[in-house]
Structures are given as C-alpha cells and as structure tokens.
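Quick notes on the structure that follows.
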There are 4 protein chains.
Amino acid sequence: MDSSSGVPFYRQVIQQIEQAILTGMLEPGDRLPTIRSLAIDLKINPNTIAKAYNELEIRGIVTTQVGSGTFVSDRRPDSAESERKKRLEELVGRFVAEMAAMGMDRKATLELVREFKED
Amino acid sequence: MDSSSGVPFYRQVIQQIEQAILTGMLEPGDRLPTIRSLAIDLKINPNTIAKAYNELEIRGIVTTQVGSGTFVSDRRPDSAESERKKRLEELVGRFVAEMAAMGMDRKATLELVREFKED
Amino acid sequence: MDSSSGVPFYRQVIQQIEQAILTGMLEPGDRLPTIRSLAIDLKINPNTIAKAYNELEIRGIVTTQVGSGTFVSDRRPDSAESERKKRLEELVGRFVAEMAAMGMDRKATLELVREFKED
Amino acid sequence: MDSSSGVPFYRQVIQQIEQAILTGMLEPGDRLPTIRSLAIDLKINPNTIAKAYNELEIRGIVTTQVGSGTFVSDRRPDSAESERKKRLEELVGRFVAEMAAMGMDRKATLELVREFKED
DNA sequence: GTGGTCTAGACCACC
DNA sequence: GTGGTCTAGACCACG
C-alpha cells in the first residue's frame, strides 16, 4: 500500500488483484485471501478490503460465497482485446500529455523511457 | 475540462496554463483571462479558477496585480531542477510499471509512445 | 424503507432509483437528491445512501461530480454489445428459472410481465 | 442451486421442496431424501439441508421421525395464495426494473422472455 | 455544502 | 471463520 500516492487504498487493492489475474497469478476459480487476512497483511481496515472486493464483484470480476470466501469469476475478461487496447491507448496518451506538461517533447520522452532503470 | 479523468479541475487548469506557457502561446508579461471569464468559458466554478491561479502564483509562474489582473511572470517555470528531475523520474517509472503490468515490455512500450497520435 | 423485507436498505434505494429512471421521473442529466438529504428523508445513515449511489455509479447508471452532486448518466449501457447481450441473457435466464420454480410456465410468465404495473 | 442469485442455499432448498409438494411430486406421507444424500446431490454442506428441513418442520410442512427420516406432513403448505402472489409480484417487478435499467422497454423485455431458450 | 475515504465496531446469515 | 449490512464519526478535496 502506497499511502502517499493519493490513490485510495481500496483502488490500489483492486488494481493489484486485476493485475494478478492478468498475469495469471490468480486464475478463474481461485480463492482470494479472506478479507480479514488481507486486511492484517496490508495493515488496513477490513472494510476497505471489503469495499474493493465488492467493486470487483459488481464488475463481475469475482464472485462471493458468503461463508466460504471470494473467488475469481469464470467469466474471462472477454471484453478483452478492444478493452485492452483502449486502456493502453489511454495510458500512453495520459503519459505523453503529462510529459508534455513538463516540457518534454516526444523525442525527449522516448529517450527517458529508453534509459529508465528500475530500482 | 475532462470530468471523467479523476484529475481535479483546478489541476487541469494549471496544466493547461503551464502548457500554454511552455508552447509560447502565453509569454512573460501576458495577461491571463480573468477568473470570471475563464470560469464562464470552462463552465466551472470561479473558485476553482482562483485556486489554480493561486497555486500558479505560489509557484512563481504568474503574478497577480490586484485590480488589474494576473500576468505570466518573468521567471521561467523552472521549479528547481532537482525537483523537476525527481518528478520526471517518477512519471516515467510509474508509466513503465503500468505498461509492464499490461504485459508490455520496454520495446513494445517505446513503440506505442512513438506511434501515439494526439486526438 | 421496508426494514422487515430482508432486502438491504441500500438495495432498496438502488431499486427505487432504477424505478424512477424507468418511469421517467428521473431523466438523464437530472440531479439525484444529495446523499445527506435523502438520508434524512429516509431516516437512515448517509453511508448507506452513499453505498447505493456508488453501486449505481459503478454500473454506469449515474455519474458523480464531487462538490456538486450525483446525476443520472446519459451514457446508455455502452458496455460492449457482446457483454450487454450476455448480461441480458443471464437476467432473462435467471428470471425464467425463478418463475418456473414458482410453478409458472412460459405463457403464464409472459402474461405476468405484460400485466405488471409499476407502483 | 444457484449460487449467484444471492438467495441463501437453505432457502432455495425450502422453495424447491415446497414447489415439489405444490406440484404433487411429493405427497403427504412421502419420505424426503436423507440430509446426507441430498447434501451430496446438491454438493452443499449437510448443515444447510438440516437447516432447511428444520424450518420446514417448524412451519409444519414436514415432520421428522428420528431414526427413520423426514416426511411430508398432512397439512398442506397453504401459507398459500396471498404470499405466493406477493412473491410473484416482487419477482416480476424486480425483473422489469432490471431490464429497464438495461434500456429494455416492456415490449423488448417480453420479446426476450418469449424467445429465451434454456441451455 | 457536496461526495470520497478510512476507521471502528456491532450484529447477522451462512458454512 | 466467512462475508454482509448498518451505524458513527473524522478528515479531505471540490465548488
């Protein structure tokens, strides 16, 4: 959890779970950590996890069995390709705009991306 | 104004003005639109514009002359170089991570940035 | 609010709003009651209303402008056509099954749907 | 068992048994499946079946003979007509509302119900 | 004054 | 022990 990013905790949780599903770390049918255990792990309030799980359920990404847990839903992200492209487009677009706002043109931006080293 | 992006209006205003200065559309000494006229233009609350102008003034990018308006200041918006670098680093880092999360490696990411076309 | 029905308050709120949109009492662009005013009206906790509004937003039925209110969204269910069809199929399927479980065959079911009068 | 409907399993079991009695599939004096066999059949926890049978007994719909099984009692399940109508009304109402929320008017809804084919 | 986020805690239904 | 519902209250960002 990154409390300084301004991104709400529950949204960070959602992203991480979507991430895990995308990368195959979580597969359809897999059980998510219980609300309480994850809350303890992340050191945040259980209700915050519950809110994240709830949104994932409304969006059809997971399903909930009261009394037994929360599971990755079978429905695959079939919206898939088009949705994925849309999201990539959006990601790149926002990045280019932010870099431009910092005074970096496309060439300079490319240079920075190329040379970026992960910690 | 993009009300669906989650970026606060006042921050969008700030970015657009910085952008305009960077591109030369606004030059040192130029007068910015009045708070009220801009508010009407953008169809948002005048307080929101005021907040943006205020933050721009704090950062030394514009100066306010009570009674006559708000002007682009002479000082270039060079918020200390180190700070700037830090922010760029952060921007690029987050972007690279998000793209990786979508399954794009550095090469694919560069390709997308290179080919991105603004609307 | 019917506290004896077993249906959670927030779900009752959702249904009533969907209902109001259905009947045209609420139209795209209309502003919903504020969370707090509705909470007072219905004599329940504001957070409960917020939960209902939140779910409506996730489902794309309303949109929220922090600071100014919650509005009936104009976007129609743009969720990709295939996704939409799937959901409709699911909705109808479950309904037909439930009616069958109550001993109603297709003909009787159609009759009931045809004659249903909104409150 | 429909785990996505939100209706508790034990209540679904109750409904199905009431249903079976209503339609004559089960008659007074008939023996219900044992708790364990039904649990295996439906792939749910035996406690859940037990809870359903228990509630049916409280309501006088079945009687239990320890050591020999659970039997349909003589009293007919006539909580009957008014309750039944209320439930049907509710079922249809919610369905119509959900379809409306998906942008389907009454006519389109009827069409979908008419043409729905079970798997 | 608008909604958003987070915490905390109580009580319930289900397995 | 699982998640669900509801209340309460604090603090924040936005208009």
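In what follows, chains carry the letters A, B, and so on, assigned in the order in which the sequence lines appear, proteins first and then strands, with residues in each chain numbered from 1. Here the structure is a predicted model, which is why all the values come from computation and not from measurement.
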Pairing residues for C:M1 by the side chain to side chain contact (heavy atoms under 4.5 Å, CB included) criterion, not counting sequence neighbours: C:F9, C:Q12, C:V13, C:Q16, C:L42, C:I44
Which residue lies more 5' along DNA chain F, comparing C:V66 with C:P8 via nearest heavy atoms: C:P8
Shortest non-hydrogen contact from B:S73 toward B:T63: CB-CG2, 3.8 Å
Start and end of chain C contact along DNA chain E [non-hydrogen atoms, under 4.0 Å]: E:dG1 to E:dG4
Residue pair B:T64, B:Y53: steps toward the side chain to side chain contact (heavy atoms under 4.5 Å, CB included) verdict: CA-CA 9 Å; B:T64 290; B:Y53 280 19; 5.7 Å; no
Touch class at under 4.0 angstrom, heavy-atom based, for B:N47 against every strand present: nothing
Sugar-phosphate, base or nothing in reach of D:R11, heavy atoms under 4.0 Å: nothing
Sugar-phosphate, base or nothing in reach of C:Y53, heavy atoms under 4.0 Å: nothing
Length of the line joining B:I14:CD1 and F:dA13:P, which is rounded to integer Å: 14 Å
Toward the 5' end of DNA chain E, by each residue's nearest nucleotide, A:K43 or D:N45: A:K43
Smallest separation among heavy atoms of A:Y10 and A:A52, with atom names: O-CB, 3.5 Å
5' precedence on DNA chain F between A:S37 and B:Y10 (nearest-nucleotide basis): A:S37
Candidate pair C:E18 and C:I14, rule side chain to side chain contact (heavy atoms under 4.5 Å, CB included), full reasoning: CA-CA 6 Å; C:E18 284 180 330; C:I14 290 174; 4.0 Å; yes
Considering all heavy atoms, the nearest D:P33-D:L38 contact: CB-CB, 4.2 Å
Phosphate OP1/OP2 of F:dC14: any B:K51 side-chain N/O under 4.0 Å: yes
Electrostatic pair C:K86:C:E90 at N-O distance under 4.0 angstrom: no
Involving DNA chain F, stems made of at least three consecutive Watson-Crick or G-U pairs, both distances under 3.5 Å: E:1-14 with F:1-14
From CA spacing to verdict: side chain to side chain contact (heavy atoms under 4.5 Å, CB included), D:R36, D:I49: CA-CA 8 Å; D:R36 286 178 187 171; D:I49 310 288; over 6 Å; no
D:R59 with D:E55: basic N within carboxylate O range, under 4.0 Å: yes
